[in-house]
Amino acid sequence: MPAITLPDGTVRRYDGPVTGTAVAASIGPGLAKAALAMELDGRLLDLGTEITDDAALRFVTRRDEAALGMIRHDAAHVLAEAVQGLYPGTQVTIGPAIENGFYYDFARNEPFTPDDFPAIEARMREIVAANAPFQREEWPREEAIAFFEARGERYKAELIRDLPESETISIYRQGEWLDLCRGPHMRGTGDVGTAFKLMKVAGAYWRGDHRNPMLTRIYGTAWRDAKELDAHLHQLEEAERRDHRRIGREMDLFHVQEEATGQVFWHPKGWRLYSTVQEYMRRAQNRNGYQEVRTPLLVDRALWEASGHWENYREHMFVASVEDEQERRVLALKPMNCPCHVQIFRHGLRSYRELPLRMAEFGACHRYEPSGALHGIMRVRGFVQDDAHIFCTEAQIAPETARFVAMLAEVYRDLGFDGFRVKFADRPDNRAGDDASWDKSEAALVEACRLAGVEYELNPGEGAFYGPKLEFVLRDAIGRDWQCGTLQVDTVLPERLDASYVGEDSARHRPVMLHRAILGSFERFLGILIEQFAGRFPLWLAPVQVVVATIVSDAEPYALEVADALRRAGLAVQADTANEKINAKIRTHSLQRVPVILVVGRKEAEARTVAMRRLGGADQELLGVQEAVAALALEAAAPDLRRGTAA
RNA sequence: GCUGCUGUAGCUCAGUGGUAGAGCACUCCCUUGGUAAGGGAGAGGUCCAGGGUUCGAGUCCCUGCAGCAGCACCA
């Protein structure tokens with residue numbers, strides 16, 4: 001006699017076990033038509049599942065957020081059926097729903113290409129139109145293995161073999177086709193709808209392990225209706241329009257070339273942007289009690305052996321060797337700054353009175369990243385970290401964490417980001433240090449988060465090899481997430497490199513090292529910043545802040561005078577006195593995303609005024625020269641400096 | 001690193017085994033104009049590199065390099 005509680009609180013009683021389909025039908029024909037699946041005591045289930053006990057029930061309809069995942073998962077099944085129908089001999093493996101869509105991994109000797117998509121999509125639409133019901137069956141394990149092996153589906157057979165004994169082997173049929181699947185599914189293939197599209201084809205390792213064979217993955221996107229699909233496709237276009245590689249080229253910020261793969265040639269405008277951010281960061285660090293240092297790029301391998309990097313990351317380090325009659329020395333370009341900072345800390349006796357000691361460096365690091373990892377200026381082999389190490393006592397971990405999070409929040413806000421999330425990455429499989437010290441450092445970091453009021457989600461097993469870390473994830477203007485900041489608790493490196501200080505008790509103690517960065521690397525962060533603003537930077541960050549454009553050549557001397565006044569006020573200004581019409585000049589500099597154009601013609605030259613036009617705006621403002629210079633100089637000040645002058 | 005795709009002028013891209021193309025950008029000339037493209041002329045090429053097939057290769061094949069997408073990696 002199940003009693004079923006609906007979301008509005010009403011309770012319906014049934015004489016015996018009843019399916020979700022029957023419950024929906026007993027409530028009303030509208031719901032019977034709309035219900036795709038159900039949530040029973042919070043568990044998403046097929047409508048066909050029998051309800052035997054008292055439970056809270058909620059029906060999932062197409063409008064429900066939960067429907068999206070089901071549409072995508074079902075679409076993956078439809079894709080698999082379509083592919084096996086069109087390309088016999090292709091083995092199926094797995095096909096989950098993912099953010100924005102789904103994929104399915106196939107094993108086939110021939111690769112798929114996007115040219116195959118129209119045929120596959122057409123077949124998928126036929127399958128959807130046929131609306132075969134999804135039918136769940138439970139099979140004995142051995143039977144299932146034998147079935148898939150007989151069909152040559154060795155990946156499926158392997159999956160079943162590796163399922164825990166306790167797991168029920170469930171099979172979902174859709175018409176003639178079937179697949180091993182945990183479920184749940186909607187009523188039938190028709191519920192997938194038509195708002196899907198195959199997107200790309202790519203290789204992917206079987207079970208995500210690079211030692212396994214590579215499968216062919218087909219990605220698709222799927223939505224509840226055509227409007228959502230269009231919005232998603234539009235968002236992808238927007239992301240492409242903002243691509244930092246494209247904007248970097250269009251605005252002449254930087255380039256990369258074969259002779260220095262994975263390293264950036266910063267052009268004058270790009271370097272101005274870089275410098276503006278670096279100067280801002282330097283001021284932020286100074287305000288927050290950091291001492292800036294500079295350490296060598298090329299360091300003897302002995303130090304990397306001592307730190308453990310040689311053992312763990314040798315193949316990802318750039319190694320240099322020198323030879324003379326006496327000896328051969330092997331050095332490596334530093335892949336990180338920490339061991340060098342420890343050398344400064346170790347130089348001379350340190351007192352507890354000096355702690356916490358915050359040592360910062362804009363540290364140029366080099367890592368031989370795998371070729372496939374390189375991406376524009378976001379993932380490179382030569383980069384500069386806004387790195388710092390805080391040498392402190394265990395008791396200082398919490399207050400230093402709080403202080404760091406406050407600094408990071410201010411920096412992100414100043415640089416134009418609304419908010420960030422925090423992830424807590426705990427001990428990885430491959431790690432240094434014993435479990436007791438991991439217990440201690442993880443507990444310390446948890447406590448620090450509590451004291452600092454930091455809420456986080458867990459990112460299990462993703463810590464650094466020497467300690468747990470907090471990861472700070474930015475969300476950009478079009479909703480993409482970027483991990484930039486980090487704070488890591490390290491008790492291993494001070495031990496390995498023998499860092500110590502003299503305590504109040506006049507005995508030697510090990511400091512804790514907090515590794516921390518806010519931007520991560522300048523290269524990556526500037527790439528993110530470019531995409532965040534789509535190249536339309538606020539005035540203080542813009543690499544060219546003002547263009548003074550003439551209408552007639554008679555205004556040229558005046559235009560140069562105005563540009564000079566702006567330059568002396570510290571603004572990045574260009575004069576455009578070219579033999580072009582003002583329309584063309586406006587267009588050129590607007591495409592270059594220059595925030596302010598000052599137009600000067602005969603009238604302005606005579607009245608000593610400028611006509612100021614903002615990027616994207618249609619109207620203009622007539623100002624006196626001095627007035628314009630003063631206003632722009634004020635507006636172009638970095639946010640921290642503006643707060644300073646306002647205070 | 002792995003799978004697939006791509007590499008032609010500064011940029012975006014055409015190019016059928018038979019003399020290397022367009023638009024934009026660039027230079028010069030005309031034009032002196034009022035807020036997103038004025039007109040004309042000119043210059044610009046190791047067709048990624050090396051090897052092979054062929055009477056003949058930008059085009060076909062092989063190797064390498066680089067880029068793109070994804071996977072794996074990311075101290």
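Lettering follows sequence order; numbering is per chain, from 1.
- Residues forming a salt bridge (Lys or Arg N to Asp or Glu O under 4.0 Å) with A:Glu369 (at least two apart in sequence, or on another chain): A:Arg379.
- The distance between the ring centers of A:Tyr219 and A:Tyr103 falls below 6.0 angstrom.
- Pair assignment for B:C71: B:G1, on the basis of Watson-Crick or G-U wobble contacts that are both within less than 3.5 Å.
- For A:Phe117 and A:Phe112, the ring centers sit 6.0 Å or farther from each other.
- A:Ala631 pairs by the side-chain contact (heavy atoms from CB on, under 4.5 Å) definition with nothing, not counting sequence neighbours.
- Residue contacts for A:Lys469: at a heavy-atom cut-off of 4.0 Å it reaches the sugar-phosphate backbone alone, with no base atom in range.
- A:Phe345 has its ring centre no less than 6.0 Å from the ring centre of A:His389.
- Counting non-hydrogen atoms under 4.0 angstrom, A:Arg431 reaches nothing in the nucleic acid.
- Heavy atoms of A:Ala549 sit nowhere under 4.0 angstrom from any nucleic acid atom.
- Between A:Arg613 and A:Ala204, the residue anchored closer to the 5' end of RNA chain B is A:Arg613, taking for each the nucleotide with the nearest heavy atom.
- Residue contacts for A:Glu604: at a heavy-atom cut-off of 4.0 Å it reaches a base atom on one of the strands shown.
- Within the structure, salt bridge (Lys or Arg N to Asp or Glu O under 4.0 Å) contacts touching residues 91-117 of chain A (residues at least two apart or in different chains) are A:Asp105-A:Arg217.
- With both pairing distances under 3.5 Å, B:U63 is matched to B:A49 as a Watson-Crick or G-U wobble pair.
- Across the P atoms, B:G39 and B:G1 are found 49 Å apart, a figure rounded to whole Å.
- The partner of B:U32 is absent, by the rule that a Watson-Crick or G-U pair needs both atom distances under 3.5 Å.
- Read 5' to 3', the first and last nucleotides of RNA chain B with an atom closer than 4.0 Å to a heavy atom of chain A are B:G1 to B:A75.
- Here A:Asn312 lies out of heavy-atom contact (under 4.0 Å) with every strand.
- With both ends at atom P, the span from B:C13 to B:G17 equals 23 Å, rounded to whole Å.
- In this structure, B:A37 forms no base pair with any nucleotide, since neither Watson-Crick nor G-U wobble geometry is met with both distances under 3.5 Å.
- As judged by a 4.0 angstrom heavy-atom cut-off over every strand, A:Gly208 is placed among residues touching the sugar-phosphate backbone only.
- No donor-acceptor pair under 3.5 Å is formed between the side chain of A:Arg242 and the backbone N or O of A:Ala239.
- Base contact: A:Leu591 has a heavy atom under 4.0 Å from a base atom.
- Residues passing the salt bridge (Lys or Arg N to Asp or Glu O under 4.0 Å) test with A:Asp252, sequence neighbours excluded: none.
- A:Tyr219 comes within 4.0 angstrom of sugar-phosphate atoms only, judged by non-hydrogen atoms across all strands, and of no base.
- When atom types are taken as modelled, the side chain of A:Arg427 and the backbone of A:Glu442 share no donor-acceptor pair closer than 3.5 angstrom.
- Using a 4.0 Å heavy-atom distance criterion, A:Pro111 is classed as a sugar-phosphate-only contact.
- Along RNA chain B, the nucleotide nearest to A:Asp554 and the one nearest to A:Leu215 differ in position, and the one closer to the 5' end is contacted by A:Leu215.
- With both ends at atom C1', the span from B:C61 to B:A57 equals 11 Å, rounded to whole Å.
- For the segment residues 362-378 of chain A, the set of residues with a heavy atom within less than 4.0 Å of an atom of RNA chain B comprises A:Arg367, A:Pro370, A:Ser371, A:Gly372, A:Ala373, A:Leu374, A:His375, A:Gly376, in numerical order.
- Nucleotides B:U16 and B:G23, compared at atom C1', are 23 Å apart to the nearest Å.
- The separation of B:G50 from B:C65, taken at their P atoms, amounts to 15 Å, rounded to a whole angstrom.
- Pairing partner, B:C24: B:G10, with both Watson-Crick or wobble hydrogen-bond distances short of 3.5 Å.
- Nucleic acid contact class of A:Lys581 (heavy atoms, under 4.0 Å, all strands): base.
- Ring to ring, A:His77 and A:Phe102 are not that close: their centroids are 6.0 angstrom or more apart.
- Side-chain contact of A:Gln257 with A:His255: a donor-acceptor pair under 3.5 Å is present, judged by distance alone.
- For B:U6 and B:G64, the C1' atoms lie 16 Å apart once the distance is rounded to whole Å.
- Comparing the C1' positions of B:A36 and B:C24 gives a spacing of 15 Å, expressed to the nearest Å.
- Taking atom C1' on both nucleotides, B:G21 is separated from B:A14 by 7 Å, rounded to a whole Å.
- Heavy atoms of A:Tyr103 sit nowhere under 4.0 angstrom from any nucleic acid atom.
- When heavy atoms are screened at a 4.0 angstrom cut-off, A:Lys603 is found touching base atoms of the nucleic acid.
- Among the heavy atoms of the strands lying under 4.0 Å from A:Arg379 is at least one base atom, whether or not backbone atoms are also near.
- Within the 4.0 angstrom heavy-atom criterion, base atoms lie near A:Ser590.
- Closest heavy-atom contact between A:Gly461 and A:Asp426: N-OD1, 2.6 Å.
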